[in-house]
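Here is how names work: the chains are called A, B, and so on, in the same order as the sequence lines, proteins then strands, and each is numbered from 1.
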Protein chains: 2
Amino acid sequence: MAHDLRRPERTFTIRQLCVEFKVTPRALRFYEDKGLLAPARDGMNRVYGHRDRARLQLILRGKRVGFSLAEIREILDLYDEKDGGAAQMAKSLKKFKERIVALKAQREDIDGAIKNLEDGVQRLQRQLADIRPDLLPKADAYDTMLRSRLDGAHETGEPARAK
Amino acid sequence: MAHDLRRPERTFTIRQLCVEFKVTPRALRFYEDKGLLAPARDGMNRVYGHRDRARLQLILRGKRVGFSLAEIREILDLYDEKDGGAAQMAKSLKKFKERIVALKAQREDIDGAIKNLEDGVQRLQRQLADIRPDLLPKADAYDTMLRSRLDGAHETGEPARAK
DNA sequence: CCTCCCGCTTACGTCAACGTCAACAAAAGT
DNA sequence: ACTTTTGTTGACGTTGACGTAAGCGGGAGG
């Protein structure tokens with residue numbers, strides 16, 4: 001492996017991706033087995049390119065939003081299905097739209113869940129304030145006010161989450 | 001026992017809840033087994049009250065937003081933990097806040113996924129318009145424009161979804 | 001040369017969340 | 001009185017998404 005390390009020709013070993021995305025090699029091989037990834041090979045060894053890396057990102061986010069690997073595979077297939085006929089495209093289009101509807105519904109669920117939990121937080125904070133104000137996690141009085149209308153959406157890098 | 005069947009004392013059989021929420025009896029018993037539900041008994045038979053029903057709603061939404069049954073159980077426990085001491089409450093408070101953060105992150109994921117899919121839809125629609133405009137799922141040209149800024153959030157009843 | 005460590009493959013194990021099936025009781029319809 | 005429906009408790013099967021262990025090859029370092 002000694003010939004070039006220019007700009008966008010960067011490639012990744014399995015371990016690099018594993019570290020970056022906090023997954024095990026086993027998982028990546030599993031995804032490959034299931035047809036979600038198809039890295040090049042250097043002899044026996046897998047060589048992941050920027051494309052594979054991008055797909056992996058999609059896979060992981062797909063998982064986070066609740067898609068099964070099979071569903072993710074479908075979506076990925078639809079994406080790089082250069083053609084396959086107009087009929088296929090129409091079917092893909094329909095499926096995409098269905099996914100979008102489902103995701104929007106899920107977003108509603110999440111917003112609802114957030115509200116519930118925030119109510120719980122309010123309750124607990126009030127009770128704690130009565131009984132043991134010293135245990136309150138610092139300034140929150142008007143901080144909470146702000147967040148309730150301004151919300152907080154920014155970056156986290158994109159690391160792991162649930163499970 | 002026979003003494004009162006006034007207003008909010010409505011109870012439900014297992015099947016009623018199953019029909020209403022589109023789950024199987026097996027699932028409800030399973031949730032009970034896992035400590036998420038604890039309906040009263042009339043002899044052998046389970047009798048669900050409004051409280052159980054509310055919990056079930058939370059369970060199902062919890063599932064939809066990606067919580068495991070164990071996590072849901074934890075949350076539920078936190079909710080009806082009448083007390084347990086101030087220290088416990090502080091811990092609960094922390095956990096609630098963590099959940100909220102996680103859910104907001106997940107909403108970001110979902111918004112991202114939606115955007116991706118909408119891009120895919122655009123792509124497909126343009127290509128289809130070129131090749132086979134007749135296969136386009138009806139009027140969409142300015143309909144899409146509208147939805148892209150106005151979004152669509154209303155009711156669906158609350159029925160089943162994923163998997 | 002020997003030993004690590006990374007990587008590969010194949011195969012079996014596991015965990016969650018139920019589904020399915022058996023075997024039975026009690027209530028409800030005909 | 002008989003059958004159907006609805007309910008109960010086990011116990012075992014299933015699916016998805018990996019984890020874990022076994023066994024082997026190859027390069028780097030002591």
Any [X] side-chain nitrogen or oxygen under 4.0 Å from OP1 or OP2 of [N]:
X	N	answer
B:T13	D:dG7	yes
A:K63	D:dC18	yes
B:R29	D:dT8	yes
B:T24	C:dC18	no
B:Y31	C:dA17	no
A:R41	C:dT9	yes

Selection from [options] that lies nearest to any side-chain heavy atom of [X]:
X	options	result
B:N45	C:dC18, C:dC8, D:dG7	D:dG7
B:S68	C:dA17, D:dT8, D:dA17	C:dA17
B:L69	D:dT9, C:dT9, C:dA17	C:dA17

- request: State plainly whether the residues A:E20 and A:R15 are in salt-bridge range, i.e. N to O under 4.0 Å.
  value: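 A salt bridge is absent here (no side-chain N lies under 4.0 Å from a carboxylate O).
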- request: Using a strict cut-off of less than 4.0 Å between a Lys/Arg side-chain nitrogen and an Asp/Glu carboxylate oxygen, indicate whether B:D77 and B:R73 qualify as a salt bridge.
  value: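 B:R73 and B:D77: salt-bridged.
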query: More 5' along DNA chain D: B:R15 or B:R26, using each one's nearest nucleotide?
result: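 Looking at the nearest nucleotide for each, B:R15 comes out on the 5' side.
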- prompt: Rounded to the nearest 0.5 Å, how far does CD1 of B:I75 lie from CD1 of B:I59?
  reply: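 Rounded to the nearest 0.5 Å, the CD1-CD1 separation comes out at 11.0 Å.
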